[in-house]
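Heads up, the thing below is written out as structure tokens.
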Amino acid sequence: MYALVDGNCFYVSCERAFQPCLETRPVVVLSNNDGCVVSRSEEAKALGIEMGAPIHQLKELVSKGKVHIFSSNYALYGDLSRRMMSVLRRQAPMVEVYSIDEAFLHFEGISCPDWQALGQEIRMEVLRQVGIPTGVGIAPTKTLAKVANHLAKKQKAWGSVCVLETPEQIESALRSLPVGKIWGIGRQHEKLLLKHHLRTALDFTEAPAAWVRQHLSIVGARLQLELQGQACLKMETIIAPKKNICTSRSFGQMLSDFKPVSEAVANHAHRCACKLREQGSAAALITVFLNTNRFRPELPQYNPSLTLSLLNAGNSSLDLVARAQTALRAIWRQGYAYKKAGVIVSGIVPEQEIQLSFGADTGRLEKQRALMQTLDALRARYGHDAIAVATQGSSKAWHLRQERRSQRYSTCWSEMMEV
DNA sequence: TCTGGGGTCCTAGGACCC
DNA sequence: TCTGGGGTCCTAGGACCC
């Protein structure tokens, strides 16, 4: 059996873990730049606040003090996520961390007389040790565990745990689930399935396999088998290195001058280089892109991007920042109000397998590697911003809005809660 | 006042090889 | 009457996920 455990409105629950007085209040957490709603408490949903709603649509509720608002605090959420995962690792022989707030547990070869009780125990353990309420779905395949988890959240009477074990339980669950709610069926496929009168997960499960294969590709075929109880999706317990890495941010305000945009791009390139070194990779390609504000169609729009190759695949912050600056200068046009910039690195290879160009300056590359090791050691000891490439600047004109961030209670000495 | 930031996988089609 | 039969690699675009 597989279990899917996920944190209820995870970011909101992280905030509540340190401010229990918000337990029964409407609470939302905003995206980066305090842009739109990315997490809502049940009470906030009841007020009609939609997922993804831009904050300016909430102004009335906010001014009347009807909803508590937080900027996102990824240091806090990341840390509570790690703690939640470590509790889960003690509950099951095999754990796959699927996202910041979800994990699959696999009980291979284990027969349990009472899955419902086990689910409750897992729930209580996470709640007791981390303070995060969760929902638990247990079933014979990952996709069915997702279905069970969905039902666990909907049916409060089940105590946030739902077990689908017998064919009767599975069939009745699938009958109650709209086809678009299946994990792996998105908007486009939902539209197609509805057009062919497949309205519930059960309809989809019983559709002719050849038809599914033809219209929804191998992915849909697997999905169907999973819903029929045949496990096709494996547990992925080792984290594979990323094949693309992107760092991008909207600016706190629109920017028309080169300098602050160039500082932002330098910061993003440096972050990409750090992420590459963290996973022991190097990149052969770097892309820089800019966006004007797409929500202001009356302003001139310009959304350029340029990909450059590196002479040798690398992960040095200095090299990547320099190459990103070259790309930025090539696409930069004066006269636009820019809203966002980003850097993507791709063509990723393991650090030890870099194919050097003919006549590469290996002495210099060796020096750069040593320098980056020192830089990373300083960052580890004194914080991410302890040392920077000069091009990153210090004006911070491009920085995010973040007006309502809570304290980094669990990762920062100076922000620890005092009792 | 004023809309986020990441990722993956699959397929079709073009270009190439013998 | 009527034009072979295999392959690989790369990329763009579309679908999906959190």
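Values reported hereafter were calculated over all heavy atoms of this structure, with side chains retained and with hydrogens, waters and symmetry mates removed.
- When the side-chain nitrogen and oxygen atoms of A:R401 are compared with OP1 and OP2 of B:dT3, one or more of them lie within a distance under 4.0 Å.
- Distances from the side chain of A:K59 to the nucleotides B:dG6, B:dT3, B:dT1 place B:dT1 closest.
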Strand DNA chain C in bracket notation, Watson-Crick/G-U under 3.5 Å with | for pairs to another chain | ....||||||||||||||
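- Rounding to the nearest 0.5 Å gives a distance of 6.5 Å between OG1 of A:T205 and CD of A:Q224.
- Between A:R222 and A:E226 there is no salt bridge, since none of the side-chain N atoms of the basic residue sits less than 4.0 Å from a carboxylate O of the acidic one.
- Listed pair A:K340 / B:dG5 meets the phosphate criterion, a side-chain N or O lying under 4.0 Å from OP1 or OP2.
- Going from atom CD of A:E236 over to atom C1' of C:dC18 covers 15 Å, rounded to whole Å.
- For the pair A:K339 NZ and B:dG4 P, the interatomic distance rounds to 8 Å; values are reported in whole Å.
- Here A:L378 contributes atom CG and A:Q373 contributes atom CD; the two are 12.0 Å apart, rounded to the nearest 0.5 Å.
- In this structure, the separation between CZ on A:R323 and OG on A:S316 is 13.5 Å, given to the nearest 0.5 Å.
- Distance CD (A:Q57) to C1' (B:dT1): 12 Å, rounded to an integer number of Å.
- A sub-4.0 Å separation between OP1 or OP2 of B:dG5 and a side-chain N or O of A:T247 is absent.
- Between A:Y77 atom OH and C:dC18 atom C1' the separation is 15 Å, expressed in whole Å.
- In this structure, A:F251 atom CZ and B:dC2 atom P are separated by 16 Å, rounded to whole Å.
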If the sugar-phosphate is the primed atoms plus P, OP1 and OP2 and the base is the rest, what is the B/S/- string for nucleotides 8-16 of chain B, using protein heavy atoms under 4.0 Å?
-> SSSS-----
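- For the pair A:S99 and C:dC17, the criterion of a side-chain N or O lying under 4.0 Å from OP1 or OP2 is not met.
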Given A:Q129 and A:E125, is the side chain to side chain donor-acceptor pair (under 3.5 Å) satisfied, shown in steps?
-> CA-CA 6 Å; A:Q129 298 204 39; A:E125 213 40 33; 2.6 Å; yes
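- In A:K275, the NZ atom is crowded: over 12 heavy atoms of neighbouring residues, nucleotides or ligands sit closer than 6.0 Å.
- Residue A:K142 places none of its side-chain N or O atoms closer than 4.0 Å to OP1 or OP2 of C:dC17.
- Heavy atoms from other residues, nucleotides or ligands lying under 6.0 Å from CD of A:Q334 number more than 12.
- Of the possible donor and acceptor atoms, none in the side chain of A:S309 sits under 3.5 Å from a partner among the backbone N and O of A:L285.
- Phosphate contact (OP1/OP2 of B:dG6, side-chain N/O of A:R271, threshold under 4.0 Å): absent.
- Summarising the geometry, the separation between CD1 on A:I100 and C1' on C:dC18 is reported as 10 Å, rounded to the nearest angstrom.
- Summarising the geometry, the separation between CD on A:Q253 and P on B:dT3 is reported as 12 Å, rounded to the nearest angstrom.
- Summarising the geometry, the separation between CG on A:D34 and P on B:dG4 is reported as 12 Å, rounded to the nearest angstrom.
- In this structure, A:Y2 and A:H106 have parallel ring planes: the angle between them is below the 30° cut-off, well short of the 60° mark.
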